[in-house]
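Remember, it's 1-based here, ligands and their atoms both numbered in the order they're listed. When reading the values below, keep in mind they use all heavy atoms of this one structure, side chains included, and skip hydrogens, waters and symmetry mates.
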Amino acid sequence: MNTAHSPKLDAIDTPAALIDVERMQRNIARMQTRMDELGVRFRPHVKTTKCVDVVRAQIAAGAQGITVSTLKEAEAFFAAGIGDILYAVGITPSKLPRALALRQRGCDLKLILDNAAAANAVVEFGKVHGHAFEVWLEVDTDGHRSGLAPGHDALIEVGRTLQDGGVEVGGVMTHAGSSYELHDVEALAALAEQERAGCVLAAERLRAAGVVCKTVSVGSTPTALHARELPGVDEVRAGVYVFFDLVMRNVGVCGTNDIALSVLASVIGHQPDKGWVIVDAGWMALSRDRGTAKQSHDFGYGLVCALDGTPIAGAAFVGANQEHGIVAIEPHDADALATRFPLGMKLRILPNHACATGAQFPEYYAVMPEGHVAVWSRFHGW
Ligand SMILES: Cc1ncc(COP(=O)(O)O)c(C=O)c1O
């Protein structure tokens, strides 16, 4: 929420998480436009930001419903007035009372699962409490994580268990997370098609077996932006696109000047002989995420930029302790290091993984296009 205004970026204490609102709005518009062109609904994954202000901007641009990764997000966004929520992490029996409480308060909460044990648990719990849950079946279309195989009999068996037990099978959903390992346009388009085809196949098989399955839901940021057509798909989900990050830059779906999240840091010292500038943002601020380490360009702990967001040539974020960051300057002039990067100088660090870096902070400083700064809170925990 906009709880405070700070007139100057330079006055914010460090480390702090900044949102470049102009870039964020551009990213939101880009994704929504693409979804409109593809003729599908868009359900953003809000785990990236966990921030009501950001999600309101996504909904204002045309998003319909949200995806969450925790029940805490579901509770917080429902309290903020958003009712259509897909909880996209497999349900466990211990979480069913909280899910039920949300639904009884009027939240259109949809659960997911990918196995018979979970299906039986939802059926039994629903019977005991006289409640018909809505469940979407998670489908595995790229082998990277969870989900039922689209062509396997288990998919039909789980669907029937739910439907026969009084649970609404509202849809099928998949997330081709292996897209993060790619960086080639054709390979990304092929994976988007694989994601689409697998999920549509699952829906068709369920329907042919008499299981009502309204919605087909697919998506990750790279596949959403590379899908050429989406016949049979009703909605797409994507999360990290709203901020983008260096991992997405290496995948090839954004440039560094699209990255809307950065960590504001201050210079706290120098090691002139080594060419090091020490800053007050370590892994506690940037996170331990080294997602770019195995990609085409390893950005260390982040891309070092000046306060205006321009990358500083020759500066590499090579090390991170809890509250210390080590920025190596190449080539360096030992005598001039402290003059070039004086004590207290503010730097902006673009993150490897926006979801992980954002999660280190209790709030964002949203830098508006006109230059003023608002404080937007974000949720934590489960
Ligand atoms: C189930 C599910 N859907 C959608 C997404 C969004 O993916 P991305 O952040 O690549 O847009 C995720 C991300 O982890 C996810 O787990």
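A salt bridge (charged side-chain N to carboxylate O under 4.0 Å, His left out) check over residues 100-120, counting only residues at least two apart or in different chains, returns the pairs Asp84-Lys110, Asp108-Lys110.
Side-chain polar atoms of Asp36 and Gln32 form a donor-acceptor pair below 3.5 angstrom.
Between Phe125 and Phe133, the ring planes are tilted. Angles from 30° to 60° get that label.
Remark: Arg378 pairs with no residue by the salt bridge (charged side-chain N to carboxylate O under 4.0 Å, His left out) rule, at least two apart or across chains. Qualifying ring pair (Phe, Tyr, Trp, His ring centres under 6.0 Å) partners for His175, counting only residues two or more places apart in sequence or in other chains: His144.
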Tell me, with the steps shown, if Thr70 and Glu73 meet side-chain hydrogen bond (donor to acceptor under 3.5 Å, both in side chains).
-> CA-CA 5 Å; Thr70 64; Glu73 288 162 60; 2.9 Å; yes

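Among protein residues, His45, Lys47, Ala88, Arg145, Met173, His175, Tyr180, Gly219, Ser220, Thr221, Arg237, Ala238, Gly239, Val240 come within 4.0 Å of ligand 1, judged on heavy atoms.
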